Amino acid sequence: MTTTIRRLLVAVLLIPLLGLGLAPTALAAGPQAPGTGAAPVADDPSADLKDRLAAIPGMTVTEEQPTTTGHRFFLLTYTQPVDHNRPWLGTFQQRLSLLHRGYDRPTVFFTNGYTLRTAPTRTEPARLVDGNQVSIEYRYFTPSRPAPADWSKAGIKQAATDAHQLITALKRIYQQEWLSTGGSKGGMSSTFHRRFFPDDVAGTIAYVAPNDVDDREDSAYSRFFRNVGTPECRAALTGTQRELLARRDRLEARYAADNAAAGSTFTTIGSADRAYELAVLDSVWAFWQYSLEADCVNVPGAAGTDDALYAWLDAQVGITGNSDEALAGYTAYYYQAGTELGSPAFDVSHLKGLLHYDYKELYAPRTYVPRSIPMRFDPSAMRDIDRWVRHSAERIIFVYGQNDPWGAEPFRLGRGSEDSYVYTVPGGNHGANIARLPAAESAAATAKVLEWAGLGSDAAKALNGGYQVPPIGPLDEAGLKQDRVRL
């Protein structure tokens with residue numbers, strides 16, 4: 001059923017209510033102040049924004065930070081059920097932030113997929129539409145985690161319903177068009193939300209979103225590594241990986257000593273030896289995820305010194321990156337990867353004779369999640385999402401980087417997809433965005449973002465070259481410098 005048909009049905013159902021003088025906004029507004037006849041504070045545009053936010057049931061304003069960019073920035077929490085299907089089982093406080101531009105502007109809902117960043121930043125869509133931005137912390141990333149944590153409630157549909165509940169609550173204040181966006185796991189999350197609540201927003205821009213439909217079939221990743229970049233760069237990376245393992249007696253001892261000095265432990269992974277091997281396995285993936293082909297000149301290769309090899313490994317994955325202390329912030333991701341999202345695997349035959357452990361057993365989500373948390377994989381979860389994208393998705397833009405390994409298994413459109421597009425940045429990595437596309441594609445994608453945001457005249461200008469794309473500002477620079485995430 002298309003969005004147009006759905007909206008027509010809603011309109012038909014509302015006709016009797018309108019005949020009684022009950023507009024939808026009145027039904028959703030909640031009680032008025034006793035004896036005053038005045039609109040509730042949350043619905044009163046003359047009230048201060050902070051008061052309006054605090055008046056939304058379940059919403060708490062925890063902080064307002066000053067900005068110098070013509071915005072207001074709030075940190076908030078919102079009460080969510082642990083289980084949306086059984087809300088009586090308890091609640092938790094989910095963190096979010098609001099970057100306010102104006103009531104007359106569109107609003108961008110940012111699902112970052114991980115922990116909330118508590119300083120103001122702006123996503124590319126929010127800059128393009130000069131809009132408000134609501135950012136949500138993904139459930140089960142601390143501190144947005146119920147206590148005790150029932151990990152079976154950390155999945156796709158529960159999180160999608162979190163987004164739906166929050167958007168519904170904030171539409172009392174922000175009544176212009178809404179868009180959603182996210183990058184990487186956040187791009188996946190924005191797509192998941194649309195699958196279950198397709199009419200919450202007018203369009204979605206999902207950046208570098210992996211789509212591991214069949215977790216048992218990962219040949220696409222091996223093909224990627226056989227072909228990415230130049231033969232010379234691939235040879236240098238292979239030589240580097242092999243030497244990191246061949247010189248293990250010296251380099252791993254250094255790795256263990258540096259972790260011990262930092263107070264790092266390896267209870268979850270099991271030992272410094274296992275952690276070191278995982279770091280080496282991850283290093284080439286991390287290189288292509290965050291680097292460009294021009295950075296191949298910095299790969300030490302087989303002839304690199306011990307210091308050069310060790311420094312390169314640290315630059316790619318971080319020497320303490322597999323410690324208990326570092327992994328604790330990503331338990332919710334690895335849990336999801338091992339229960340619904342799937343995880344990549346690739347050919348490691350070039351490391352034959354140098355590995356201490358069975359690759360498939362070691363390089364798996366279970367390795368990164370404490371054994372006290374049970375995990376069981378549901379192969380139907382991503383198949384359902386993929387099927388919806390191919391057959392029912394409307395108004396979604398997917399942006400990928402040509403040299404990003406996470407794009408080896410992308411979302412693909414089908415005959416049922418409407419007004420949706422897939423773009424690829426030539427030579428791009430995990431930071432691919434609309435601005436980095438070829439000029440014509442960038443203009444077309446920008447026009448769609450503006451159109452979906454209700455800015456039709458700007459959309460037309462974007463197509464004919466008459467639209468001035470807003471320049472990068474302090475909020476955008478902060479967003480571009482955001483911390484690396486593991487997906």
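Along the sequence shown, residues carry numbers from 1. Nothing here was measured: the structure is a model prediction, and the numbers come from that model.
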Legend entry - Under 3.5 Å side-chain donor-acceptor pair for Thr230 and Glu293: no
Inset, instruction - In sequence, state the C-alpha distance, the side-chain angles, and the governing distance for Asp386 and Arg412, and then conclude on salt bridge (Lys or Arg N to Asp or Glu O under 4.0 Å). - result: CA-CA 8 Å; Asp386 179 71; Arg412 294 182 171 88; over 6 Å; no
Inset, instruction - Go through the steps for Lys157 and Asp162 under the test salt bridge (Lys or Arg N to Asp or Glu O under 4.0 Å), then give the verdict. - result: CA-CA 9 Å; Lys157 191 169 184 180; Asp162 289 342; over 6 Å; no
Legend entry - Approximate separation, where rounding is to 0.5 Å, of Asp282 CG and Asn322 CG: 6.5 Å
Inset, instruction - Find the distance between CD (Glu340) and OG (Ser380) and round it off to the nearest 0.5 Å. - result: 8.0 Å
Legend entry - Any residue meeting side-chain contact (heavy atoms from CB on, under 4.5 Å) with Thr91, in chain and number order, not counting sequence neighbours: Thr79
Inset, instruction - Kindly state each residue pair satisfying ring-ring contact (aromatic ring centres under 6.0 Å, His included) with at least one member in residues 336-355, sequence neighbours excluded. - result: Phe225-Phe346, Trp285-Phe346, Phe346-Tyr359, Phe346-Tyr363
Legend entry - Derivation of the side-chain contact (heavy atoms from CB on, under 4.5 Å) call for Thr181 and Thr204: CA-CA 6 Å; Thr181 192; Thr204 296; over 6 Å; no
Inset, instruction - Run the numbers on Ile136 and Tyr78 for side-chain contact (heavy atoms from CB on, under 4.5 Å), then give the verdict. - result: CA-CA 10 Å; Ile136 188 174; Tyr78 187 66; over 6 Å; no
Inset, instruction - Determine the minimum heavy-atom distance between Thr191 and Ala206, stating which atoms define it. - result: OG1-CB, 3.8 Å
Inset, instruction - With the side chain counted from C-beta on, respond yes when Tyr310 and Ile319 share a heavy-atom pair under 4.5 Å apart, and no when they do not. - result: yes
Legend entry - salt bridge (charged side-chain N to carboxylate O under 4.0 Å, His left out) against Arg86, all qualifying residues, sequence neighbours excluded: Asp83
Inset, instruction - May I ask you to say whether Arg216 pairs ionically with Asp214, meaning some side-chain N is under 4.0 Å from a carboxylate O? - result: yes
Legend entry - His430 and Trp406 aromatic ring geometry - parallel, tilted or perpendicular at 30°/60° bounds: tilted
Inset, instruction - Indicate whether any N or O donor in one side chain lies under 3.5 Å from an N or O acceptor in the other, for Glu217 and Ser219. - result: yes
Inset, instruction - Evaluate salt bridge (Lys or Arg N to Asp or Glu O under 4.0 Å) for Arg122 paired with Asp476, printing each intermediate quantity in order. - result: CA-CA 5 Å; Arg122 187 167 60 169; Asp476 312 300; 2.9 Å; yes
Inset, instruction - Check whether NZ of the Lys or CZ of the Arg Lys185 lies under 6.0 Å from the centre of the six-membered ring of Tyr333 and within 45 degrees of that ring's axis. - result: no
Inset, instruction - Could you tell me the separation between the CD1 atom of Ile205 and the CD1 atom of Ile396, rounded to the nearest 0.5 Å? - result: 10.0 Å
Legend entry - Residues Val469, Leu128; criterion side-chain contact (heavy atoms from CB on, under 4.5 Å); working and verdict: CA-CA 7 Å; Val469 175; Leu128 291 177; 3.7 Å; yes
Legend entry - Minimum heavy-atom distance between Lys448 and Asp419, given as atom pair plus value: NZ-OD1, 3.0 Å
Inset, instruction - Provide the closest heavy-atom pair for Thr118 versus Phe73 in the form atom of the first, atom of the second, distance. - result: O-CE2, 3.6 Å
Legend entry - Between CD on residue Glu409 and CG on residue Asp215, distance to nearest 0.5 Å: 8.5 Å
Legend entry - Enclosure of Gln468 CD (heavy-atom neighbours >12, cutoff 6.0 Å): no
Inset, instruction - Identify the residue among Asp306, Asp314, Asp307 that makes a salt bridge (Lys or Arg N to Asp or Glu O under 4.0 Å) with Arg254. - result: Asp307
Inset, instruction - Determine whether more than 12 heavy atoms belonging to other residues, nucleotides or ligands lie under 6.0 Å from atom CZ of Arg371. - result: yes
Legend entry - Between CG on residue Leu170 and CG on residue Leu76, distance to nearest 0.5 Å: 8.0 Å
Inset, instruction - Look at the rings of Tyr400 and Phe398 and say which category their plane angle falls in: under 30° parallel, 30 to 60° tilted, over 60° perpendicular. - result: parallel
Inset, instruction - Apply salt bridge (charged side-chain N to carboxylate O under 4.0 Å, His left out) to Arg234 and list each qualifying residue two or more places apart in sequence or on a separate chain. - result: none
Legend entry - Salt-bridge criterion met for Glu394 and Arg194 (N-O under 4.0 Å): no
Legend entry - Thr367: side-chain contact (heavy atoms from CB on, under 4.5 Å) partners, not counting sequence neighbours: Ile269, Arg274, Leu278, Leu362
Legend entry - Nearest non-hydrogen partners of Phe411 and Val422, listed with the distance: O-CG2, 3.9 Å
Inset, instruction - Ignoring hydrogens and angles, state whether a donor on the side chain of Ser271 or Asp273 is under 3.5 Å from an acceptor on the partner side chain. - result: no
Legend entry - Nearest-0.5 Å distance, CG of residue Leu245 to CG of residue Leu354: 5.5 Å
Inset, instruction - Show your working on ring-ring contact (aromatic ring centres under 6.0 Å, His included) between Tyr138 and Tyr114 and close with a plain yes or no. - result: CA-CA 5 Å; Tyr138 201 93; Tyr114 290 92; 8.3 Å; no
Inset, instruction - Can you sort out the partners of Tyr140 under ring-ring contact (aromatic ring centres under 6.0 Å, His included), two or more places apart, ordered by chain and number? - result: Trp151
